[in-house]
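What follows is one structure encoded as structure tokens, with my remarks underneath.
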Amino acid sequence: MSETIFSKIIRKELPATIVHEDELTLAFHDINPQAPVHILIIPKKPIPTLADVEEDDLHLVTHIHKVAQHLAKALGLEGWKMQVNVGAKGGQEVFHLHYHLLGW
Ligand code: AMP
């Protein structure tokens, strides 16, 4: 797949406000927040969209949900939701799988 801005953030070639990192995922603040807390959670593996997730990748999707639970608790969120935009018509601009964690 082609290089994205998120690949550069994973490699620390571009700055980001990182709030969580482990061997599988990275989470950082969205530069254009749509809620009081707006974090992007991404797998380090460069999967373009949710539609490209294969059986062997399902542990990454599970792990992203666990990271979201962890961050919501750590940040003391009272309510939150996750959103994944799929494809240009679905509002996706960056073609590296990412979950928007929107929190209040
Ligand atoms: P999507 O429209 O679902 O592809 O979401 C892409 C998101 O990435 C948007 O909410 C952007 O504000 C966000 N974004 C783009 N560039 C950066 C960046 N350098 N650091 C943090 N967030 C970014």
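Note that ligands are numbered from 1 as they come in the structure, with each ligand's atoms numbered from 1 the same way. Please read all numbers here as calculations on a predicted model, not as lab measurements.
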Would you name the heavy atoms of [X] and [Y] that are closest together and state the gap between them?
{"X": "Leu77", "Y": "Gly103", "answer": "CD1-CA, 3.9 Å"}
{"X": "Leu50", "Y": "Leu97", "answer": "N-CD1, 3.6 Å"}
{"X": "His65", "Y": "Tyr99", "answer": "CE1-CE2, 3.6 Å"}

Tell me whether the count of non-hydrogen atoms from other residues, nucleotides or ligands lying under 6.0 Å of NZ in Lys8 goes above 12.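 Yes, NZ of Lys8 has more than 12 neighbouring heavy atoms, counting only those of other groups under 6.0 Å.
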Does Glu78 have more than 12 heavy atoms from other residues, nucleotides or ligands lying within 6.0 Å of its CD?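 Incorrect, the count does not exceed 12.
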Pocket residues of ligand 1, ordered first by chain and then by residue number (heavy-atom cut-off under 4.0 Å):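 Protein residues near ligand 1 are Ile5, Phe6, Ile9, Phe28, His29, Asp30, Ile31, Asn32, Leu40, Asn85, Gly91, Gln92, Glu93, Val94, His98, His100.
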Flag the pair Lys44 and Glu23 as a salt bridge only when some basic side-chain nitrogen lies within less than 4.0 angstrom of an acidic carboxylate oxygen.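 Looking at Glu23 together with Lys44, the answer is no, because their closest N to O distance does not fall below 4.0 Å.
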